[in-house]
Asks: 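Here it is: the structure, laid out below.
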2 protein chains.
Amino acid sequence: MGASKSSAFTKKQNEIANIAKALSHPARVSIVQLLLKKESCVCGTIVDELPLAQATISQHLKELKLAGIIKGSIEGNSLCYCLDQKNLKLLSEFILPLLHYTSPIKCC
Amino acid sequence: MGASKSSAFTKKQNEIANIAKALSHPARVSIVQLLLKKESCVCGTIVDELPLAQATISQHLKELKLAGIIKGSIEGNSLCYCLDQKNLKLLSEFILPLLHYTSPIKCC
DNA sequence: TTGTATAATCGCAATATTACGATAATAATT
DNA sequence: AATTATTATCGTAATATTGCGATTATACAA
């Protein structure tokens, strides 16, 4: 017990949950917002802006990368991270229909 | 250490992270999808549809409720859960701008 | 009152996440 | 070659999550 029963759910449900999980930490939300705003997107500048140790940020970047929310490529002497939209779109396709929901029976 | 350093981030970043966290488990994604589809939204029918024990589902419902993604009210002899859109909108307002992003410098 | 159905809570074990110092790996500079 | 800068990885401690059986709480029915 304790492990997530992911095998019991559909592939898509697990994908959505994974993308949401990647955004389930304020540091990672913050990183994504930084990438959206910044001209440069090197990890170093991220370390300067967040109140976390370099090792911790590197770990968060790894998780975002694994979830397909950001992608990195070597640019000169340092790494460049940018947003990756494919999986974010998957999440938005899950959320948008929920916003247009109206309860079919009057109970809530 | 191990505790999330939430105090180091803005209120909004923490809110977004919390909503995302509520959706970061396939069971909870599944529950939300069920509420979107179903006529009735009693907890009992959710237990019938998911391969998890009643105690576990009750816990997941509690988390969704705490995150403000669903709301429950007593209806007759059982509880009725429905979607709550306010916080889902907050998350969508975070995600939608990301989809329209294009990298300012050619690096990714 | 007694029984039944529904859902929440408790207690626990198994796993997962978060954070950071220390260290390693890589590439550019001197 | 030695130094410096940047980022990844390792090891470890603290904390959080997941899942379920058992129990409790509540409302309705007999």
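Values below: every heavy atom of this structure, side chains too, minus hydrogens, waters and symmetry copies. Naming: A, B, ... by sequence-line order, numbering from 1 per chain.
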Asks: Would you jot down, in residue-number order, the residues of residues 8-15 of chain A having a non-hydrogen atom under 4.0 Å from DNA chain D?
Replies: none
Asks: Using a heavy-atom cut-off of under 4.0 Å over every strand shown, decide if B:Ala53 touches base, sugar-phosphate, or nothing.
Replies: sugar-phosphate
Asks: Assign each of A:Lys65 and A:Lys5 to its nearest nucleotide of DNA chain D by heavy atoms, then name whichever residue's nucleotide is nearer the 5' end.
Replies: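 Looking at the nearest nucleotide for each, A:Lys65 comes out on the 5' side.
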Asks: If every non-hydrogen atom of A:Ala67 is compared with every non-hydrogen atom of A:Ile19, which pair is closest and at what distance?
Replies: O-CG1, 4.4 Å
Asks: Of all the choices, D:dT9, C:dA19, C:dT9, which nucleotide is nearest to the side chain of B:Ala55 once you look at every atom?
Replies: C:dT9
Asks: Enumerate, atom names and distances included, each donor-acceptor pair closer than 3.5 Å involving a side-chain atom of residues 5-13 of chain A, sequence neighbours excluded.
Replies:
residue, atom, partner, partner atom, Å
A:Lys5, NZ, B:Pro51, O, 3.2
A:Thr10, OG1, A:Gln13, N, 3.1
A:Thr10, OG1, A:Gln13, OE1, 3.3
A:Gln13, OE1, A:Thr10, N, 3.1
A:Gln13, NE2, B:Gln33, OE1, 2.8

Asks: With a 4.5 Å heavy-atom cut-off, do B:Leu96 and A:Leu96 have their side chains touching?
Replies: yes
Asks: I want to check something: taking the side chain as every heavy atom from C-beta on, are B:Leu91 and B:Leu23 in contact at a cut-off of under 4.5 Å?
Replies: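 Heavy-atom side-chain distance check passes, below 4.5 Å.
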Asks: Could you tell me whether a side-chain N or O of A:Ser92 sits under 3.5 Å from a main-chain N or O of A:Lys89, the two making a donor and an acceptor?
Replies: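 Pair found, side chain donor or acceptor close to backbone of A:Lys89.
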Asks: Which residues, if any, of residues 57-64 of chain A bring a heavy atom under 4.0 Å of DNA chain C?
Replies: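 DNA chain C contact set from residues 57-64 of chain A: A:Gln59, A:His60, A:Glu63.
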Asks: Which residues pass the side-chain contact (heavy atoms from CB on, under 4.5 Å) test with B:Thr56, not counting sequence neighbours?
Replies: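 B:Thr56: side-chain contact (heavy atoms from CB on, under 4.5 Å) contacts with B:Leu52, B:Ala53, B:His60.
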Asks: Which whole-number value in Å describes the distance from A:Gln54 CD to D:dC10 P?
Replies: 14 Å
Asks: Would you say B:Ser4 reaches C:dT18's phosphate, i.e. side-chain N/O to OP1/OP2 under 4.0 Å?
Replies: no
Asks: Starting at atom CG of B:Leu52, determine the distance to atom P of D:dG21, rounded to an integer number of angstrom.
Replies: 11 Å
Asks: Taking A:Ala17's backbone N and O only, do any of them form a donor-acceptor pair with B:Arg28's side chain (distance below 3.5 Å, no angle check)?
Replies: no
Asks: D:dT9 P sits how many Å from A:Leu66 CG, rounded?
Replies: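 Going from CG in A:Leu66 over to P in D:dT9 covers 11 Å.
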Asks: With sequence neighbours excluded, tell me which residues meet side-chain contact (heavy atoms from CB on, under 4.5 Å) with A:Lys65.
Replies: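 If we apply the side-chain contact (heavy atoms from CB on, under 4.5 Å) test to A:Lys65, skipping adjacent residues, the hits are A:Ile70, A:Tyr81.
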Asks: Roughly how far apart are B:Asn14 CG and A:His25 NE2, rounded to 0.5 Å?
Replies: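 Rounded to the nearest 0.5 Å, the CG-NE2 separation comes to 8.5 Å.
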Asks: Looking only at heavy atoms, what is the nearest atom pair of B:Ala27 and B:Leu50, with distance?
Replies: O-CD1, 4.1 Å
Asks: Mind running a 4.0 Å heavy-atom check of residues 18-28 of chain B against DNA chain D and sending the residues that fall below it, in number order?
Replies: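 Listed by number, they are B:Lys21, B:His25, B:Arg28.
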Asks: Think A:Tyr81 has a side-chain N or O under 4.0 angstrom from the OP1 or OP2 of D:dT6?
Replies: no
Asks: So do the side chains of B:Leu34 and B:Thr45 get within less than 4.5 Å of each other, counting heavy atoms only?
Replies: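 When only atoms from C-beta onward are counted, B:Thr45 and B:Leu34 do not touch, as no gap falls below 4.5 Å.
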